[in-house]
Asks: 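Handing you a structure now.
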Amino acid sequence: MSNTIEINPIKTWLPRINNPLLISGPCSLETEKQALETARLLAKDPRVFVYRGGVWKPRTRPGSFEGVGSIGLKWLQQIRKETGLLVGTEVANAQHTEEALKSGIDVIWIGARSTASPFVVQEIANVIKGSQVVVMVKNPVNPDVQLWIGAIERIYQAGIKNIVAIHRGFTPFKETNYRNYPNWTTVIELRRLLPSLPIICDPSHIAGKREYLFEIAQKAFDMGLEGLMLESHIDPSCALSDAEQQLKPAELGKLLDKLVIRHESANNVDFENRLDMLRNRIDNIDSELLEILSSRVEIVKQIGRYKKENNVTALQMNRWSMLMESRVKLGKKLDLNETFVKILFQLIHEDSVRMQTEIMDSE
Ligand code: PEP
Ligand code: MN
């Protein structure tokens with residue numbers, strides 16, 4: 001069903017947008033004063049279109065601040081009326097969703113922990129059937145693109161076409177300075193599988209710390225994502241959740257000033273011509289690469305047959321260690337990234353062993 005999904009562009013539900021989509025506001029709404037004062041400052045910046053504020057907070061451990069609950073929806077209504085910003089909050093069950101819809105919340109989002117649970121997503125989808133709400137779907141905590149797409153499909157099947165995906169990083173499965181591992185390959189895969197789906201980035205939950213917000217936000221624009229969700233708070237040092245990753249509204253403005261917004265194309269003939277020329281060269285190099293790989297495969301097969309005749313194993317650890325070491329060394333000399341060379345040769349070698357065992361097991 002993935003290929004048949006046609007999601008509305010952001011402009012459909014936000015005609016005044018002049019790219020990118022910026023969403024900001026506190027991690028959690030804490031008091032009426034905090035919610036409104038933050039909103040008033042954000043509303044002065046025309047780059048911010050949507051105000052976010054968590055009212056039901058999914059916390060990893062019990063005992064942390066779990067949000068102000070339904071009263072926060074009233075504050076969001078007030079903010080909407082007073083500032084003209086669209087307002088959004090996270091929903092995690094049918095009751096949250098019913099209350100959010102009743103309060104006229106413009107945007108609801110499904111949090112990372114909920115996206116990982118098809119029952120929860122379906123429960124939310126059943127409530128929003130027939131409504132005009134915009135639904136944002138955060139990635140699941142694990143980098144499973146199918147689980148992310150599954151959640152989007154459930155919302156889409158409920159008749160909602162105003163959907164946006166939010167990339168907020170994944171529970172770290174590799175060493176990282178960030179709170180959540182960005183794993184951009186999952187985002188690229190989502191874009192490839194659902195090309196019409198707008199995707200925005202949430203640098204706050206990836207970074208976990210203010211100091212990393214800029215580099216992640218810039219990377220999101222470099223990758224062509226359509227917007228950002230950045231947490232902001234009138235006084236982050238007193239925030240009841242995610243204190244270290246929130247920005248004062250003025251700091252948010254400064255961060256936005258520094259970001260370079262890139263476009264899918266430059267609308268400039270010289271640029272397009274030069275890019276075409278460089279891409280042609282890449283296309284030629286790629287076909288040479290594949291031809292070289294195919295010659296390598298021929299030799300691998302000869303070795304496989306030769307080993308078979310002599311009853312020798314397909315995998316020989318000494319040879320493999322030596323090969324890897326020498327390729328990484330040569331790669332370094334050629335200024336290639338070490339991890340890249342390692343992964344490349346792991347793949348090449350794995351496939352060689354596969355071909356040789358196939359030859360040995362045939363006839
Ligand atoms: C949030 O946006 O405040 C939040 C809880 O996010 P996530 O679901 O990405 O952890
Ligand atoms: Mn948060």
Side-chain angles (χ1 to χ4, degrees), residues 21-30 34-35 38 42 48 50-62 64-69 72-73 75-76 86-93 96-97 100 105 107-117 120-121 124 134-144 147-148 151-152 155 164-172 176 178-183 186-187 190 199-210 212-213 216-217 220 225 227-248 252:
L21 173 65
L22 285 167
I23 302 179
S24 192
C27 176
S28 304
L29 298 187
E30 297 161 3
Q34 167 251 10
T38 310
L42 290 173
V48 179
V50 182
Y51 178 85
R52 63 151 282 158
V55 303
W56 297 287
K57 299 302 299 176
R59 305 312 298 271
T60 305
R61 305 271 308 271
S64 322
F65 175 63
E66 294 192 324
V68 292
L73 299 176
W75 305 340
L76 288 175
L86 298 185
V87 292
T89 200
E90 172 173 351
V91 294
N93 61 33
H96 296 163
T97 314
I105 301 300
V107 175
I108 57 173
W109 77 82
I110 300 179
R113 295 156 194 81
S114 305
T115 305
S117 166
V120 169
V121 177
I124 295 168
V134 174
V135 182
M136 302 199 176
V137 183
K138 288 200 170 197
N139 63 259
V141 283
N142 52 327
D144 180 346
L147 196 55
W148 198 358
I152 290 157
I155 301 301
V164 174
I166 305 179
H167 169 227
R168 52 76 78 196
F170 305 90
T171 303
T176 173
Y178 300 156
R179 176 178 174 190
N180 286 295
Y181 190 74
N183 212 47
T186 307
V187 182
L190 181 70
I199 309 176
I200 66 170
C201 179
D202 170 352
S204 308
H205 290 90
I206 295 176
K209 287 213 164 64
R210 277 179 283 281
Y212 301 128
L213 293 174
I216 299 165
L225 299 201
L228 301 172
M229 178 187 259
L230 280 157
E231 288 184 338
S232 55
H233 191 291
I234 190 94
D235 184 3
S237 66
C238 300
L240 298 179
S241 59
D242 292 350
E244 289 179 38
Q245 69 193 32
Q246 305 203 58
L247 291 170
K248 287 188 177 165
L252 173 79

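In listed order, ligands and their atoms are each counted from 1. Small disclaimer: the values here were computed from a predicted structure and weren't measured.
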Asks: In terms of residue, atom name and distance, what is the protein heavy atom nearest to atom 6 (O) of ligand 1?
Replies: Lys138 NZ, 2.9 Å
Asks: Among the N/O/S atoms of Glu231, which is closest to the Mn ion (ligand 2)? Give the atom name.
Replies: OE2
Asks: Are Thr115 and Trp109 close enough that some pair of their side-chain heavy atoms sits under 4.5 Å apart?
Replies: no
Asks: Return the residue, atom name and 0.1 Å-rounded distance of the protein heavy atom closest to atom 4 (C) of ligand 1.
Replies: His205 NE2, 3.5 Å
Asks: Starting from atom 10 (O) of ligand 1, locate the nearest protein heavy atom and write down its residue, its atom name and how far away it is, to 0.1 Å.
Replies: Arg168 NH2, 2.8 Å
Asks: Numbering the atoms of ligand 1 from 1, which are under 4.0 Å from a heavy atom of Glu231?
Replies: 3 (O)
Asks: Side chains of His205 and Glu231: donor-acceptor distance under 3.5 Å anywhere?
Replies: yes
Asks: Which part of Arg52 is near ligand 1, with near meaning a heavy atom under 4.0 Å away: side chain, backbone, both or neither?
Replies: side chain
Asks: Hey, which atoms in ligand 1 end up nearer than 4.0 Å to a heavy atom of Lys57?
Replies: 1 (C), 3 (O), 5 (C)
Asks: Which ligand 1 atoms, with their elements, are less than 4.0 angstrom from a heavy-atom of Ala112?
Replies: 8 (O)
Asks: Would you say that Arg52 contacts Met136 through its side chain, given a criterion of any heavy-atom pair below 4.5 Å between the two side chains?
Replies: no
Asks: Among the N, O or S atoms of Asp242, which one sits nearest to the Mn ion (ligand 2)?
Replies: OD2
Asks: Just jot down the ligand 1 atoms closer than 4.0 angstrom to any heavy atom of Arg113, in number order.
Replies: 7 (P), 8 (O), 10 (O)
Asks: For the residue pair His167 and Pro182, establish whether any side-chain heavy-atom pair is separated by less than 4.5 Å.
Replies: yes
Asks: Nearest to atom 5 (C) of ligand 1, what protein heavy atom do you find, and at what distance?
Replies: Glu90 OE1, 3.6 Å
Asks: Using a strict cut-off of 4.0 Å, indicate which atoms of ligand 1 neighbour a heavy atom of Gly111.
Replies: 8 (O)
Asks: Looking at every non-hydrogen atom in both residues, tell me the closest pair between Ala116 and Asn142 and how far apart they are.
Replies: CB-OD1, 4.4 Å
Asks: Would you indicate whether the side-chain heavy atoms of Thr186 and Asn139 approach each other to under 4.5 Å?
Replies: no
Asks: With heavy-atom distances below 4.0 Å as the criterion, list the atoms of ligand 1 near Cys27.
Replies: 3 (O)
Asks: Given 3.5 Å as the limit, does a donor-acceptor pair link the side chain of Tyr51 with the main chain of Ala35, or not?
Replies: yes
Asks: For residues Cys201 and Ile206, determine if any side-chain heavy atom of one lies less than 4.5 Å from a side-chain heavy atom of the other.
Replies: yes
Asks: Can you find a heavy atom in the side chain of Glu90 that is under 4.5 Å from one in the side chain of Pro58?
Replies: yes
